[in-house]
Amino acid sequence: MTADVQSLAKRRGFIWQSAEIYGAMAGFYDYGAMGAILKRRWEDAWLKYFMGLNENYYLIDPANIMPEAALKASGHVDSFTDPLVECSKCHTAVRADQLIEEATEQPAEDLSLEQIDARIAELGLACQKCKAPFQKARTFNMMFQVDVGPTGQDKAYLRPETAQGAYLNFKRHFEIMRRKLPLGLIVIGKAYRNEIAPRQGVYRMRELIQAELQIFMDPETFATELNLTEMDGKEINVQLVDMRGREDFKPIHCKELIEKHCLPDFYVWHMLKIQEFYLKVIRIPKEKFRFYEKSEKERAFYNKVHFDIEVNLATLGGFREVAGLHYRGDYDLTRHEKGSGEKMEVSLDGKRVMPHVLELSFGVDRNVWTLLDIHLTEERTGVLKLPPVLAPYAFAVFPLMKKDELVPVAESIATMLRRDYQVCCDQSGSIGKRYARMDEIGTPFCITVDFDGLADGTVTIRDTDTAGQKRVKVSDLQDIARSLMAGTGAFGDLQ
RNA sequence: GCAGGUGUGAUCUAGUUGGUUAGGAUUAAAGCCUUCCAAGCUUUCAGCCCGGGUUCGAAUCCCGGCACCUGCACCA
């Protein structure tokens, strides 16, 4: 199964390793002709859905390179760096701070490299595996450093997450957008992490794409801005910490999550929205979707509440993280207020508020992979059952055979549909082969011009999910196309 | 980063006690045929991960690198 998705991803132009012809570098991927557009469609669907949650949510596009000071304030310069010590014999690398903490039961996070070496010597620590002494401690920073300017004196980094760009822009947007909360800033863009050993395909990349919505809000009033009644009677797939090892997840009522499990109401409302996005827009089967609660130990200290969004992926062997919902409190703005000296507190109706952040963070590459993993089936041949809004081609138009009577009609239909949609028009080989090709890249509808239809101005339209066909009038095609693509009409409802 | 395994056209693969022009299937392209689901026939394009070494001769053996897979470690 894994091989199938991977091989199809390559063969049909979705995604593969970057710089292949030079032997490639781990952790970097290129999107091809089908993949790039599929990714764009996912991003568009995501943007439409989440920007639509509130009229005060906006798409912004901050720079990828950030000055050191900003990442110092965010904590990345210090915390995104691990001090490592390596065994001189078996080369097992361990986190130096954790090693010392275990031995002394005292925090060792702030020790310098020299102090670490001194402490290790003092405590007589050696490799736990082979008892050989450690080499000197060194730091490993997961951020890519760049030298800016001709002398390279301005230290900077490729951003390790898109979120920071939103935080840096908060104050200005609050002014521009007329001082209202909640304010949502959306970033869809690249982030960079120098992973030690990236593996598992697009699941861990060194250059990745994030789609994030940072909601700046007043925790005391935020819930009043939301239509909380939407949660009435609704259940959310959740695996709480104490359910681990026993069950993958359990549908739990929103009300219960709020009252019994003490989650903020606004948090649960957003869980519901995210679940709706995955189940309705992306069409993930309900039993393959869950929220995964992070334990206090697992989550970052500034996250007051943290669930990952996980999808059960056959290619990755189970439930895997594709997004996260983090209630970060006022950590980020407070840090940047301290770091920059710029006041982040805002004044609302005479009340001074340091906005809190609710972060919706999605890994785009993982989500695109999820589309392939979930929607690729092996029914007839490979069939990618994409929701129509995500498909690279919305329609394909074929003459039943390469005959002079049929070809021009097919071409004119294709031209007509191309005004609004991406359309593939193909006349080569057998009709079955052309259908199969469209099945593999997830084109939802194939329109075929045949001899019967020439006489009465009709064509057949084929639904990729079922391979079922209907005969429709050419003159109705535009209306049919619109309703199929907008989701206002289903294929099964066609006469 | 460590240990083990693997690397052959676009994809999947045959071929390694060293020995002819590295074989097949699928895909792709062109054509013939064909009145609806990868049909058939003909033709064409295209490959030994990269670099070095041993040898009369290397896809095959050795060394180095890169990548992938599994386990360990790492994943603020």
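Being a predicted model, the structure only gives us computed values, none of them experimental.
- On the P atoms, B:U35 is 49 Å away from B:U70, given to the nearest whole Å.
- Here B:U35 is the nucleotide among B:U35, B:A38, B:G31 with the atom lying nearest to any side-chain atom of A:Met401.
- Picking from B:C37, B:A28, B:A67 the nucleotide with the shortest atom distance to the side chain of A:Gln17 gives B:A67.
- Rounding to whole angstrom units, CG of residue A:Leu316 and C1' of B:C69 are separated by 13 Å.
- Candidate nucleotides B:A67, B:U34, B:C75 were compared by shortest atom distance to the side chain of A:Lys402, and B:U34 ranks first.
- OP1 and OP2 of B:C36 both lie 4.0 Å or more from every side-chain N or O belonging to A:Arg434.
- Note on A:Arg204: a base of the nucleic acid sits closer than 4.0 angstrom, heavy atoms only.
- Comparing the same atom, P, in B:C49 and in B:A10 gives a spacing of 12 Å after rounding to whole Å.
- Nucleic acid contact class of A:Gln200 (heavy atoms, under 4.0 Å, all strands): sugar-phosphate only.
- In this structure, of B:A30, B:A38, B:A67, it is B:A67 that holds the atom nearest to the side chain of A:Ala26.
- Atom C1' of nucleotide B:A73 and atom CE of A:Met142 are separated by 14 Å, given to the nearest angstrom.
- Judged purely by atom type and a 3.5 angstrom limit, A:Asp373 has no side-chain atom pairing as donor or acceptor with the backbone of A:Trp369.
- Not less than 6.0 angstrom separates the ring centroid of A:Phe319 from the ring centroid of A:Phe289.
- The one candidate from A:Asp308, A:Asn237, A:Ile274 that meets the side chain to side chain contact (heavy atoms under 4.5 Å, CB included) condition with A:Phe291 is A:Ile274.
- In this structure, B:G47 makes no Watson-Crick or G-U wobble pair, since no nucleotide meets both defining distances under 3.5 angstrom.
- Checked against a 6.0 Å centroid threshold, the rings of A:Tyr327 and A:His356 count as neighbours.
- A:Asp439 pairs with exactly one of A:Lys433, A:Arg380, A:Arg12 by the salt bridge (Lys or Arg N to Asp or Glu O under 4.0 Å) rule, that one being A:Arg380.
- Residue-to-nucleotide proximity on RNA chain B shows that, of A:Gly429 and A:Tyr302, the 5′-proximal contact is made by A:Gly429.
- If you measure from atom CG of A:Leu8 to atom P of B:A28, you get 13 Å, rounded to the nearest angstrom.
- Not one side-chain nitrogen or oxygen of A:Lys10 sits closer than 4.0 Å to the OP1 or OP2 atom of B:A10.
- Straight-line distance between the C1' atoms of B:U54 and B:C61: roughly 8 Å, to the nearest whole Å.
- Going from atom CG of A:Asp404 over to atom C1' of B:U34 covers 15 Å, rounded to whole Å.
- With hydrogens and angles ignored, no donor-acceptor pair under 3.5 angstrom links the side chain of A:Tyr22 to the base of B:C66.
- In this structure, A:Met438 places its CE atom 13 Å from C1' of B:A28, rounding to the nearest Å.
- For A:Tyr292 and A:Phe249, the distance between ring centers is not under 6.0 angstrom.
- Under the Watson-Crick or G-U wobble criterion, with both distances below 3.5 Å, B:A14 has no partner in any strand shown.
- Searching all strands for a Watson-Crick or G-U wobble partner of B:U42 with both distances below 3.5 Å returns B:A30.
- Counting any heavy atom pair closer than 4.0 Å across all strands shown, A:Arg199 reaches a base atom.
- Between A:Ala24 and A:Arg12, the one whose closest nucleotide on RNA chain B sits nearer the 5' end is A:Arg12.
- When the P atom is compared between B:G1 and B:A46, the two are found 37 Å apart, to the nearest whole Å.
- Residue A:Phe301 is out of contact with every strand shown, counting any heavy-atom pair closer than 4.0 Å.
- In this structure, A:Arg204 contributes its side chain and A:Gln200 its backbone to no donor-acceptor pair below 3.5 Å.
- Of the candidate nucleotides B:C68, B:A38, B:G1, B:G1 has the atom lying nearest to any side-chain atom of A:Ile196.
- One atom, CD of A:Gln6, and another, C1' of B:U6, lie 14 Å apart when rounded to the nearest Å.
- When the nucleotides B:C36, B:A38, B:U35 are ranked by their closest atom to the side chain of A:Ile431, B:C36 comes out on top.
- Between the side chain of A:Ser7 and the base of B:C12, no donor-acceptor pair of N or O atoms lies under 3.5 Å.
- Contact annotation: side chain of A:Arg11 to base of B:U26, donor-acceptor pair absent below 3.5 Å.
- Atom P of B:A25 sits at a distance of 38 Å from the matching atom of B:C66, rounded to the whole Å.
- Rounded to a whole angstrom, the distance from the C1' atom of B:G51 to that of B:G7 is 16 Å.
- Comparing B:C62 with B:U16, their C1' atoms sit 14 Å apart, to the nearest whole Å.
- Pair check for B:C2 finds B:G71; Watson-Crick or G-U wobble, both atom distances under 3.5 Å.
- For A:Lys433 and B:C36, the shortest distance from a side-chain N or O to OP1 or OP2 is not below 4.0 Å.
- Within the nucleic acid shown, A:Ala467 comes within 4.0 Å of at least one base atom, counting heavy atoms only.
- Proximity of a side-chain donor or acceptor of A:Arg434 to a complementary backbone N or O of A:Leu400 within less than 3.5 Å is detected.
- For A:Gln469 against B:C36, a side-chain-to-base donor-acceptor contact under 3.5 Å is present.
- Summarising the geometry, the separation between CZ on A:Arg320 and C1' on B:C75 is reported as 11 Å, rounded to the nearest angstrom.
- If you check every strand for non-hydrogen atoms under 4.0 Å, A:Arg299 touches nothing.
- Among the protein residues, A:Ala197 comes within range of the nucleic acid bases, having at least one heavy atom under 4.0 Å from a base atom.
- B:G53 and B:U60 have their C1' atoms separated by 15 Å, given to the nearest Å.
- Proximity of the aromatic rings of A:Phe362 and A:Trp46 is defined here by a centroid distance below 6.0 angstrom, and this criterion is met.
- Phosphate contact (OP1/OP2 of B:C36, side-chain N/O of A:Thr448, threshold under 4.0 Å): absent.
- Among the heavy atoms of the strands lying under 4.0 Å from A:Arg462 is at least one base atom, whether or not backbone atoms are also near.
- If you measure from atom CD of A:Glu378 to atom P of B:U11, you get 17 Å, rounded to the nearest angstrom.
- One cannot find a donor-acceptor pair under 3.5 Å joining the base of B:A67 and the side-chain atoms of A:Glu20.
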